[in-house]
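Presented below is the structure to which this report refers.
Everything quoted here is computed from the prediction, not taken from an experiment. Order of the sequence lines sets the chain letters (A, B, ...), proteins ahead of strands, with each chain counted from 1.
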Amino acid sequence: MPELPEVETTRRGIKPSVKDNRIHKITVRQKKLRWLVPDNLPFMLEGYEIRQVSRRGKYLLFENEMGTMLIHLGMSGSLRIVKQGELPRKHDHIDFCFKNGLILRFTDPRKFGCVLWQTKGQGIHPLLANLGPEPLNPNFNSKHLFLRSRKRSVCVKPFIMDSKVVVGVGNIYASEALFLAGISPKVPAGKVSQKRYQRLVSSIKIVLKKAIQSGGTTLRDFTDGNGNPGYFKQSLNVYGRAGKECKLCRKHLIEIRQAQRSTVYCSACQR
DNA sequence: ACTTCGACCTGTTGGC
DNA sequence: TGCCAACAGGTCGAAG
């Protein structure tokens, strides 16, 4: 479900209901997620206020005086604010009940997401330790991509989807950014010039910013934490449009598979 | 150090 | 209409 724009949209949606509010009670109905939900989670969160709601890549970070809870939404996860009394459905795995009467509800049919805890003073969490730069930060630039890609034979699309290279660029926005940059997803990362990486960096930033402004991409059921869908789907040029006409040259868009993921691109506009 | 691939799950879709 | 394989917004960790 979520790439960076959807995670960021979720963060902005839930933050007003969560930040500076005190957790009263946590209910874990399913602790078998990608990793087991730690048993000490209630002990670390109940009775404390959430001081900050931030994001690193696709991880949402909830900070209190004891440490930080990490939530990843995987492929099908979501977080939303519900009113007290709203009954949990089949895949509603965790409720964070706040003193203000609202509930932060974690849902994840496929259970690829995770909810973890990092105690303050224990250093950086291993899952965050080797992440690349944030794509919207200045340290994500053409020099970074150029240097990291030298002598890499992997194709440029899976390369920019590697979270050690840059975080937050998933299958939708990698495809879209490569289209905007006019770069074929099949080019080996190590053969792309720094000049072309400059175009790619700009495209990634533009696509992500625009998607965030649109409230993310709702393909099936993504909403922002308060039930509102995202409107970026109508801006997609290639993702989900295999066989349709390229919006620039009207040639039919091609679909291939790279690293077990589908890639759609225009063989005329992307070289 | 890099590359490839299986694994983790459930729900939806498309072809027959 | 029904069945079943293929596929879906992610990414870790093992094996080569």
Side-chain angles (χ1 to χ4, degrees), chain A residues 1-11 29-37 55-60 70-80 89-93 106-116 125-132 135 147-178 186 188-191 204 207-208 211-212 214-225 229-236 238-243 255-264:
Chain A
M1 179 189 281
E3 295 189 33
L4 185 145
E6 291 73 43
V7 176
E8 177 63 15
T9 298
T10 298
R11 187 187 74 82
R29 300 183 197 84
Q30 171 61 276
K31 61 179 178 182
K32 282 188 176 180
L33 302 177
R34 168 132 207 208
W35 288 283
L36 279 186
V37 177
R55 180 185 58 71
R56 176 73 176 100
K58 297 174 191 168
Y59 288 92
L60 286 166
L70 290 69
I71 296 186
H72 196 291
L73 301 176
M75 287 278 265
S76 58
S78 64
L79 280 171
R80 68 188 197 286
R89 311 256 297 263
K90 191 172 180 187
H91 300 294
D92 294 341
H93 303 316
F106 174 80
T107 307
D108 187 4
R110 293 179 72 179
K111 306 191 194 99
F112 287 177
C114 63
V115 177
L116 298 170
H125 194 282
L127 287 170
L128 306 182
N130 297 309
L131 294 180
L147 291 178
R148 290 233 32 175
S149 62
R150 289 313 87 179
K151 299 189 175 169
R152 293 289 304 271
S153 62
V154 66
C155 295
V156 65
K157 185 192 173 230
F159 176 71
I160 59 171
M161 290 176 67
D162 181 346
S163 64
K164 293 189 289 305
V165 173
V166 56
V167 295
V169 183
N171 205 32
I172 297 178
Y173 301 110
S175 306
E176 294 300 316
L178 285 165
K186 294 198 284 192
K191 287 207 193 149
I204 289 172
V207 167
L208 294 179
I212 292 170
S214 308
T217 300
T218 298
L219 292 177
R220 181 177 297 124
D221 55 9
F222 168 76
T223 59
D224 69 355
Y231 294 100
F232 194 70
K233 186 170 191 283
Q234 57 206 74
S235 302
L236 297 177
V238 288
Y239 182 89
R241 298 192 66 246
E255 179 162 22
I256 60 173
R257 289 196 78 78
Q258 297 182 292
Q260 303 146 224
R261 315 297 300 278
S262 75
T263 299
V264 183

Hey, does [X] reach any base, or is it just sugar-phosphate, or nothing, if we go heavy atoms under 4.0 Å?
{"X": "A:Lys151", "result": "nothing"}
{"X": "A:Phe159", "result": "nothing"}
{"X": "A:Tyr239", "result": "sugar-phosphate"}

Give the rounded distance in Å between these two atoms: [atom1] of [X] and [atom2] of [N].
{"X": "A:Arg148", "N": "B:dA1", "atom1": "CZ", "atom2": "P", "result": "11 Å"}
{"X": "A:Arg110", "N": "B:dG11", "atom1": "CZ", "atom2": "C1'", "result": "8 Å"}
{"X": "A:Arg55", "N": "C:dG10", "atom1": "CZ", "atom2": "C1'", "result": "16 Å"}
{"X": "A:Ile160", "N": "C:dG10", "atom1": "CD1", "atom2": "C1'", "result": "15 Å"}
{"X": "A:Lys58", "N": "C:dT11", "atom1": "NZ", "atom2": "C1'", "result": "8 Å"}
{"X": "A:Glu3", "N": "C:dA8", "atom1": "CD", "atom2": "P", "result": "13 Å"}
{"X": "A:Phe112", "N": "C:dG10", "atom1": "CZ", "atom2": "P", "result": "11 Å"}
{"X": "A:Asp162", "N": "B:dC2", "atom1": "CG", "atom2": "P", "result": "10 Å"}

Note to self: With a 6.0 Å cut-off (strictly less than), is the heavy-atom count around CZ of A:Arg89, excluding the residue itself, greater than 12?
What the structure shows: no
N/O (side chain, [X]) to phosphate O (OP1/OP2, [N]) under 4.0 Å:
{"X": "A:Ser76", "N": "C:dG9", "result": "no"}
{"X": "A:His91", "N": "B:dG11", "result": "yes"}
{"X": "A:His72", "N": "C:dT11", "result": "yes"}

Between the main-chain N or O of [Y] and the side-chain N or O of [X], is there a donor-acceptor pair closer than 3.5 Å?
{"X": "A:Glu3", "Y": "A:Pro5", "value": "no"}
{"X": "A:Glu255", "Y": "A:Ser262", "value": "no"}
{"X": "A:Thr218", "Y": "A:Gly230", "value": "yes"}

Checklist line | Pair of N/O donor and acceptor under 3.5 Å linking C:dA8 base with A:Arg261 side chain | finding: no
Of all the nucleotides listed ([options]), which has the minimum atom distance to the side chain of [X]?
{"X": "A:Arg257", "options": "B:dG11, C:dC7, C:dG9", "result": "C:dC7"}
{"X": "A:Lys111", "options": "C:dG9, B:dC9, B:dG11", "result": "B:dC9"}
{"X": "A:Arg152", "options": "B:dT3, B:dC9, C:dA8", "result": "B:dT3"}

Check: On DNA chain C, nearest-nucleotide positions of A:Trp35 versus A:Glu255: which is more 5'?
Finding: A:Glu255
Notebook entry, point to check: With nearest nucleotides of DNA chain C determined for A:Ser262 and A:Tyr59 from heavy-atom distances, which residue corresponds to the more 5′ nucleotide?
Noted result: A:Ser262
Please report the distance separating the [atom1] of [N] from the corresponding atom of [M], rounded so that it comes out in whole Å.
{"N": "B:dA7", "M": "C:dA6", "atom1": "P", "result": "15 Å"}
{"N": "B:dG14", "M": "C:dG9", "atom1": "P", "result": "14 Å"}
{"N": "C:dT1", "M": "B:dG11", "atom1": "P", "result": "23 Å"}

Could you check whether any side-chain heavy atom of [X] comes within less than 4.5 Å of a side-chain heavy atom of [Y], counting everything from C-beta outward?
{"X": "A:His72", "Y": "A:Tyr59", "value": "yes"}
{"X": "A:Leu208", "Y": "A:Glu176", "value": "no"}
{"X": "A:Asp108", "Y": "A:Leu73", "value": "no"}
{"X": "A:Tyr173", "Y": "A:Phe232", "value": "yes"}
{"X": "A:Leu4", "Y": "A:Arg55", "value": "yes"}

Checklist line | Nucleotide-level pairing of DNA chain B, given in dot-bracket where Watson-Crick and G-U pairs need both distances under 3.5 Å and | marks other strands | finding: .|||||||.|||||||
Next item on the list: With DNA chain B as reference, determine whether A:Gln260 or A:Lys90 sits nearer its 5' end, using the nearest nucleotide of each.
Entry: A:Gln260
